[in-house]
Student: 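Please see the structure below; I have some questions.
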Amino acid sequence: MTGALLFNAGCFAQVLEGPLDKVEAAFERIQQDERHGDVSLLALDPINHRSFSNWAMGFIGTSDFHARRFAGIGASSGFDPSRLSGDEIHSLLKELAIEEEAA
């Protein structure tokens, strides 16, 4: 399984990629974990190729640059992932992963 995880303003957004049974099992573990609240599934779509094939589970967002960038995301959406579509979160994480790999 591959994917990326974003944390901002006390909220997480995550993209999981892999075989459906493994993605569903991982999502079920996340839902059952008492540390997580208000878990929402924004999208569950088949893909032709992985966006995060080089990331076992990359965490994006530790640099000062990303902190500034996420502040803008938080301001525009309150970083309420339910106000962002699954496609918007996927695109954001993919763009950030490409930037991180290039650094």
Student: State, to 0.1 Å, how close Lys94 and Ser51 come at their nearest heavy-atom pair, and which atoms those are.
Tutor: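 In terms of heavy atoms, the two residues are closest at CD-OG, 3.8 Å.
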Student: Quick one: NE2 on His90 to CG on Asp45, what's the gap to the nearest 0.5 Å?
Tutor: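 So the gap between those two atoms works out to 9.5 Å.
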Student: Within a radius of less than 6.0 Å around CG of Asp33, do more than 12 heavy atoms belonging to other residues, nucleotides or ligands occur?
Tutor: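 Counting other residues, nucleotides and ligands, CG of Asp33 exceeds 12 neighbours.
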Student: What's the spacing between His49 NE2 and Glu17 CD if we round to 0.5 Å?
Tutor: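 Rounded to the nearest 0.5 Å, the NE2-CD separation comes out at 9.0 Å.
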Student: Compare every heavy atom of Phe27 with every heavy atom of Leu16, then report the nearest pair and how far apart it is.
Tutor: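 Between these two residues, the closest heavy atoms are CD1-N, 4.4 Å.
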Student: If you look at every heavy atom in Gly86 and Ala43, which pair is closest and at what distance?
Tutor: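 Scanning both residues completely, I find the closest heavy atoms to be CA-CB, 4.2 Å.
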Student: Quick check for you: to the nearest 0.5 Å, what is the distance between Gln14 atom CD and Leu42 atom CG?
Tutor: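 Reported to 0.5 Å precision, the distance equals 11.5 Å.
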Student: Are Leu44 and Leu20 close enough, and set up right, to give a side chain to side chain contact (heavy atoms under 4.5 Å, CB included), and what steps lead you there?
Tutor: CA-CA 9 Å; Leu44 180 63; Leu20 181 59; 4.0 Å; yes
Student: What do the steps show when you test Leu93 against Phe52 for side chain to side chain contact (heavy atoms under 4.5 Å, CB included), and what is the final call?
Tutor: CA-CA 9 Å; Leu93 285 170; Phe52 306 100; 3.7 Å; yes
Student: Restricting to non-hydrogen atoms, name the atom on Pro19 and the atom on Arg50 that form the minimum distance, rounded to 0.1 Å.
Tutor: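 In this case the closest contact between Pro19 and Arg50 is CD-NH2, 4.1 Å.
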Student: Are Leu41 and Met1 in one and the same hydrophobic cluster, where Ile, Leu, Val, Met, Phe, Trp and Tyr link if side-chain heavy atoms are under 4.5 Å apart?
Tutor: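 Result: yes, single cluster for both.
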